[in-house]
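Accompanying notes for the structure given below.
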There are 2 protein chains.
Amino acid sequence: MADVARAAGVSMATTSRALNDQPGVAPATRERVLEVARQHAYVVSPAASTLSGGATRRIAVVVPHLSRWFFGEVLEGIDATLRGAGYDLMLYRVGEGADRDSFFELLPARRKVDGVLVVGIPASEAEQERLTTMGVQIVAAGGQVAPYPTVSIDDHGAGRQAVNHLVNLGHRRIAMIDAIDPNASHWPVAGRALAFTEAREERDLDPDPELFQRVPWSARHGAEAMAALLALDEPPTAVLAHSDELAIGALHTIRRAGLDTPRDISVVGIDDHPLSEELDLTTVRQDVREQGRLAARMLLDGLAGLDQAPWTVLPTRLVIRGTTGRPRQG
Amino acid sequence: MADVARAAGVSMATTSRALNDQPGVAPATRERVLEVARQHAYVVSPAASTLSGGATRRIAVVVPHLSRWFFGEVLEGIDATLRGAGYDLMLYRVGEGADRDSFFELLPARRKVDGVLVVGIPASEAEQERLTTMGVQIVAAGGQVAPYPTVSIDDHGAGRQAVNHLVNLGHRRIAMIDAIDPNASHWPVAGRALAFTEAREERDLDPDPELFQRVPWSARHGAEAMAALLALDEPPTAVLAHSDELAIGALHTIRRAGLDTPRDISVVGIDDHPLSEELDLTTVRQDVREQGRLAARMLLDGLAGLDQAPWTVLPTRLVIRGTTGRPRQG
DNA sequence: CTGTTAGCGCATTCAA
DNA sequence: TTGAATGCGCTAACAG
């Protein structure tokens, strides 16, 4: 930078200010500095900036999975917002247990990032406090309630939209295939299952406990759960799946059994996975990418000292496609 | 670090050496320094290390997409290897055009990372040169041939495995649904289509050009392409899809048309997408996560000054499931 | 509006 | 094997 300063005939301080869009530089001077910098193909060293008390202009994004559609989609949104603001994205995939602990232990102390975006897993109060006391902003995204700024959908409401759709079609013997994430000690999106159990009482559904299946998150497990449901003495007339991936597995079991949707059984999922449109799956749509965008925006706002909404809830919408219909004998 | 040095009764130089596992420190001294550092919950400032001539211990991973299964899976592999080596992962999603240019322009000059892992998109020679001259290592992963270390599958071979399977079953009127990525100027995995066109000649297949469809990468487009194929005067008896996502779309069109696989038509994909097992799709399996692991390992080796394999090709394997069989009048 | 000065925290010479 | 000194490149006070 010294070279640029000299070539522009100004001091390093002015150069720094010009390069960082800071106030207190005459427009003409600023332009001259910028021009010289361009000629020298000069770019500031982020390491030096950081060391000198500045920020890192890096954001850590913490996810429990990478190969699942939801997380990729959130990342797209986060990436777009961060890049637009000139921030870099550091990706951390942390599971539960040791590597998670070490993550929350080491990251803030090392001052590697200005903020943390936690996606899909709740950070404990201790972890949160650890971050904020180190001056690191934190925002969460994706199905959870947290004591810090959060953007998510209303999982409980989404579950209701799905169940109500089935109930309104006339179904009474409704099953749910719920998901449990083996990689998470707390399951953030219990709201979907809650909506189901509530509806069971409020809308006078068949309370048979065998109609509630809980399996790991995968199409295969969805298929197995569906097989178990079909094996019941009296199979359900409709199934609510915690996610589209589970629903897709269920659909396949139904087909293999020689049954048809929605003639023999209805299936509704939640998410609106890219393949769902093609598989004609009725589902509750959420805008995942937008959640990423918003969460990143909130984090950036916090970094800028602006007020943040404490909890933003994005709407969901029932998308009726071909896998749901009235039960057989109306 | 000064505090630690004082508390341990040694100089900063010794402290630095001890903390960085460098030679020239008496075991006893090293242990004492480490112990003091632990008590003080001290961690080195990466910014200061970098500034002082050290490396960043950061790797940039460049991908064209984030919400597609393949890229999430590669990232899982990369992340695992990088984390194990104590490196951080900076994620860059770059498309084509302006933001891509600016990426390759700015990243190396800013010395933000020690190396770059390019996934799924070929870097031009100019871009590659720009990186290496700035002292940044580069390794590629995923379906492409590049003038620098690369790990991929043999796309041509994978295509062959798929076509041969169909030919061996007795099919002669075989169609291909190829993928074109609207986000990429160069399409790296042309090998799959090449295998198809070659087999057409070598194995005496029906050369009807209408049997070759090329569509954007999505289940929906796969479905549309399949509809076009079914609308032909003489539909194919088998279809090779460039990827499982396209194949899944095709399968759905087939079902909607009241046809059955493999009775009326056979379908084979490439990838072994997580949903393929559940949908019983015959496919050619590739180990995507391993590609990520290996690519990261190669990059790390290069950084360490070790020899790198110039081009590593991972095996693929035909997985015969329920969507392929002999043609109707065998 | 601009310049001067003083660190930021570490790795690395070169001596001892 | 260890220590003292130097500089990495920049930003933030403070002065002018």
Side-chain angles (χ1 to χ4, degrees), chain A residues 1-37 40-58 86 88 106-114 134-135 303 305, chain B residues 1-37 40-58 86 88 106 108-114 134-135 303:
Chain A
M1 179 186 283
D3 299 346
V4 174
R6 204 173 310 115
V10 295
S11 71
M12 276 190 55
T14 300
T15 308
S16 173
R17 284 190 280 254
L19 257 28
N20 293 332
D21 278 329
Q22 289 201 1
V25 183
T29 312
R30 181 187 306 273
E31 191 46 56
R32 184 152 38 90
V33 172
L34 260 36
E35 176 54 27
V36 172
H40 290 226
Y42 168 81
V43 282
V44 300
S45 154
S49 301
T50 302
L51 183 56
S52 176
T56 66
R57 294 199 77 78
R58 266 174 254 137
D88 285 319
L106 258 33
L107 187 79
R110 299 206 164 189
R111 298 210 174 285
K112 289 182 169 180
V113 297
D114 299 336
M134 298 299 290
L303 252 25
Chain B
M1 178 186 278
D3 299 345
V4 174
R6 205 173 310 115
V10 294
S11 72
M12 275 190 57
T14 301
T15 308
S16 174
R17 286 190 278 254
L19 258 27
N20 293 336
D21 278 329
Q22 289 204 0
V25 184
T29 311
R30 180 187 307 275
E31 190 46 55
R32 184 152 39 90
V33 171
L34 260 35
E35 175 54 28
V36 173
H40 290 226
Y42 167 82
V43 282
V44 299
S45 154
S49 298
T50 302
L51 183 56
S52 176
T56 65
R57 295 200 75 79
R58 265 174 256 138
D88 284 320
L106 291 175
R110 297 208 164 187
R111 299 206 175 288
K112 287 182 171 180
V113 296
D114 299 335
M134 297 299 291
L303 252 26

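Chain letters run A, B, ... following the sequence lines, proteins first and then strands; every chain starts at 1.
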Side chain to side chain contact (heavy atoms under 4.5 Å, CB included) partners of B:Ser52, counting only residues at least two apart
none
A:Arg32 to A:Val10 - nearest heavy-atom pair and separation:
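Closest heavy-atom pair between A:Arg32 and A:Val10: NH1-CG1, 4.0 Å.
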Extract all donor-acceptor atom pairs below 3.5 Å that involve side chains of residues 15-30 of chain A and protein atoms in other chains or at least two apart in sequence.
from, atom 1, to, atom 2, distance (Å)
A:Thr15, OG1, A:Ser11, O, 2.8
A:Asn20, ND2, A:Ser16, O, 3.3
A:Arg30, NH2, A:Gln22, O, 2.8

Partner residues of A:Asp88 under the salt bridge (charged side-chain N to carboxylate O under 4.0 Å, His left out) criterion, sequence neighbours left out:
B:Lys112
Mind running a 4.0 Å heavy-atom check of residues 18-37 of chain A against DNA chain C and sending the residues that fall below it, in number order?
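Heavy-atom contacts with DNA chain C come from A:Gly24, A:Val25, A:Ala26, A:Thr29.
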Under 4.0 Å from a heavy atom of chain A: give me the 5'-most and 3'-most nucleotides of DNA chain D that qualify.
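The protein-touched segment is D:dG9 to D:dA13.
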By side chain to side chain donor-acceptor pair (under 3.5 Å) - contacts of B:Ser49 (at least two apart)
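So B:Ser49 forms no side chain to side chain donor-acceptor pair (under 3.5 Å) with any residue.
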Got a sec, which residues hit side chain to side chain donor-acceptor pair (under 3.5 Å) with B:Glu35, two or more places apart in sequence or on another chain?
B:Arg38, B:Gln39
Would a distance-only check, ignoring hydrogens and angles, find a side-chain to backbone donor-acceptor pair under 3.5 Å from A:Arg57 to A:Thr50?
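No: the side chain of A:Arg57 does not pair with the backbone of A:Thr50.
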Note down the inter-axis angle between the two ends of the helix from C:dC1-D:dG16 to C:dA16-D:dT1, five pairs each, to the nearest 10°.
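Rounded to the nearest 10 degrees, the bend comes out at 20°.
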Under 3.5 Å between N/O atoms: give me all the protein pairs with nucleotides 3-7 of chain C, atom names plus distance.
from, atom 1, to, atom 2, distance (Å)
C:dG3, OP2, A:Ser11, N, 2.9
C:dG3, OP2, A:Ser11, OG, 3.3
C:dG3, OP2, A:Thr14, OG1, 3.0
C:dG3, N7, A:Arg17, NH2, 3.0
C:dG3, O6, A:Arg17, NH1, 3.3
C:dG7, N2, A:Ser52, OG, 3.1

